[in-house]
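In what follows, chains carry the letters A, B, and so on, assigned in the order in which the sequence lines appear, proteins first and then strands, with residues in each chain numbered from 1. Computed from a prediction, not measured in an experiment: that's the story for all the values here.
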There are 2 protein chains.
Amino acid sequence: MVLYYSEYNKFLVAVDCIIFGFDGQELKLLLIKRNFPPAKGEWSLMGGFLKKDESLDNAAARVLFKLTGLQKVYLEQLYSYGEIDRDPGERVISAAYYALIKIDEYDEKLLKKYNAKWFLINDFPNLIFDHNIMVNKALKRLKRKAQSQPIGFELLPEKFTIPQLQKLYETIFQKEFDKRNFRKKILGFQVLQKFDEKEKKSSKKGAYLYRFDQDKYNRLIENGYSFEVNV
Amino acid sequence: MVLYYSEYNKFLVAVDCIIFGFDGQELKLLLIKRNFPPAKGEWSLMGGFLKKDESLDNAAARVLFKLTGLQKVYLEQLYSYGEIDRDPGERVISAAYYALIKIDEYDEKLLKKYNAKWFLINDFPNLIFDHNIMVNKALKRLKRKAQSQPIGFELLPEKFTIPQLQKLYETIFQKEFDKRNFRKKILGFQVLQKFDEKEKKSSKKGAYLYRFDQDKYNRLIENGYSFEVNV
DNA sequence: ATAATAAAGTGTTGAATATACACTTATATT
DNA sequence: AATATAAGTGTATATTCAACACTTTATTAT
């Protein structure tokens, strides 16, 4: 390979993952306690350095897989952080990604292995470097995206009830919705498929289960349809 | 400095700028003809390599200043591109930024110096590497942002008329608006300050000049106010 | 001086959408 | 059989969006 750019500086490049989950009641964040310097023993996002043979996206997926055991999850680049002193160890450019995972598919064994823990989104420890800034940005992005695209479903199990979906939206937007209006709005999109089955854990009556019909959604999108939740 | 991360790979990091302008009629894009390899002689975004002593944001501002002579312009990070072979010269991670400039403040002398040229957004040449992808993403972002935040004003001179503003929105969204409804909507936000002065270039009658009142907008924002243009 | 021209500026009405609000139903538990 | 609990349902009002045509102002041409 011809080297055209040899006189320029090179930098360490990292990826950091903001991992969101939903336990049925609250929005949660998966954090690790660092066991290496600098900032050893402090809480941090899961991250890793970019390797020669992988793209940024692949690096993020690799880091996410390592901590969750999950592949094919919703993973989106958030923003890149390039302040000179953001990492006191050495200069590192970091591309932050955020992930939405189905918490019931998460492999709990990995919590111990990586000193990881789920925290409530409203109550998590101070993080190293600029990781707090990253989490704030990820939360804002999640709110925006959840409003205009059906990504909320990424945080729910395959089958879910309308009350569960409403609770999820309420924790994301930190706001209560009227259940009649919410149901009307969501079912009005016609992208939910109803099962005869009921979920009975959270009530005596039980609530019907639904699933998000991705194919139908894609077809609607092609026809200029738009998904917008009022908040 | 202690080096904690010495075993990891380092990468060239670049910034590329998508520079938008508005000439009163059309949305435009500032491009340069590369005079260095690889892809010498082809059209490209203005870019540059990150230096040791600057942040990503500063690098983008430096590159933008070099080509436009402008500082303190609207400049926002768009996305980072990290595919392995995106630059055939060597592996380069690129952070793309987009800028909105007031075309009447642009220094024309710089066009020659950098082989630069303004192109219509609907008719520009094929670009090198992944730069077409970057421009598409920037256009999408501009549409989204212009809908929910008053960034359109960044592309207009300090004083502008309502018809000019409408024309700008029409070129951004590639759609015509009803002038009564547009005026109603925009003036309803109460963030435009009217002058007694008229602009007479584009009509015999002349149109009143306005300016965007940033301070007033900031105050409204703090009170939970929201700027939303329907498209 | 007068007429013609061209873009700026202005209100109202009907349609669609969002919001507010209270009772009934189903089933497990006592 | 009674009670308790969350699921499920409809309507009326307010707000917002979308459609639509004429008047005003000043320049230019006659």
What pairs meet the side chain to side chain donor-acceptor pair (under 3.5 Å) rule with one or both residues in residues 120-138 of chain A, with sequence neighbours excluded? A:Arg86-A:Asp130, A:Asn126-A:Asn132
Name every donor-acceptor pair, under 3.5 Å, that has one atom in a side chain of residues 60-69 of chain B and the other anywhere in the protein, sequence neighbours excluded.
from: B:Arg62; atom 1: NE; to: B:Glu54; atom 2: OE1; distance (Å): 2.9
from: B:Arg62; atom 1: NE; to: B:Glu54; atom 2: OE2; distance (Å): 3.3
from: B:Arg62; atom 1: NH2; to: B:Phe49; atom 2: O; distance (Å): 2.8
from: B:Arg62; atom 1: NH2; to: B:Glu54; atom 2: OE2; distance (Å): 2.6
from: B:Thr68; atom 1: OG1; to: B:Leu64; atom 2: O; distance (Å): 2.7
from: B:Thr68; atom 1: OG1; to: B:Leu70; atom 2: N; distance (Å): 3.0

For residues 181-191 of chain B, pull every pair meeting salt bridge (Lys or Arg N to Asp or Glu O under 4.0 Å), keeping only residues two or more places apart or in separate chains. none
Specify the residues of residues 224-231 of chain B, ordered by number, for which at least one heavy atom lies under 4.0 angstrom from an atom of DNA chain D. B:Asn230
Rounded off to whole Å, could you give me the CD1-to-C1' distance for the A:Ile186 and D:dT9 pair? 17 Å
Can you tell me how far C1' of D:dA19 sits from CD of B:Glu176, to the nearest Å? 15 Å
Take the protein atom CZ of A:Arg183 and the nucleotide atom C1' of D:dA6, then report the distance between them rounded to whole Å. 11 Å
Go along nucleotides 20-30 of chain D 5' to 3' and tag each nucleotide: B for a protein heavy atom under 4.0 Å from its base, S when only backbone or sugar atoms are that close, - otherwise. BB--BBBB---
Using side chain to side chain donor-acceptor pair (under 3.5 Å) as the criterion, list what pairs up with A:Arg144, not counting sequence neighbours. none
Hits for ring-ring contact (aromatic ring centres under 6.0 Å, His included) against A:Tyr114, two or more places apart or cross-chain, chain-then-number order -> none
Rounded to whole angstrom units, what separation is found between the CZ atom of B:Phe182 and the P atom of D:dC17? 14 Å
More than 12 non-hydrogen atoms from neighbouring residues, nucleotides or ligands closer than 6.0 Å to CD on B:Gln174, yes or no? yes
What pairs with A:Tyr208 under side chain to side chain donor-acceptor pair (under 3.5 Å), at least two apart in sequence or on another chain? none
Describe the nucleic acid contact of A:Ser202 in one word from base, sugar-phosphate, nothing, applying a heavy-atom distance below 4.0 Å. sugar-phosphate
Sequence neighbours excluded - salt bridge (Lys or Arg N to Asp or Glu O under 4.0 Å) pairs with any residue from residues 193-204 of chain B: B:Lys159-B:Glu197
Sequence neighbours left out, what passes ring-ring contact (aromatic ring centres under 6.0 Å, His included) with A:Phe195? Give chain and number order. none
So the contacted stretch of DNA chain C, first to last nucleotide with an atom under 4.0 Å from a non-hydrogen atom of chain B, runs from C:dT5 to C:dT12
Quickly work out the A:Gln166 CD to D:dA6 C1' distance and round it to whole Å. 12 Å
Do the charged groups of A:Arg34 and A:Glu42 touch, with an N to O distance under 4.0 Å? no
What pairs with B:Glu228 under side-chain contact (heavy atoms from CB on, under 4.5 Å), at least two apart in sequence or on another chain? B:Ser148, B:Ser226
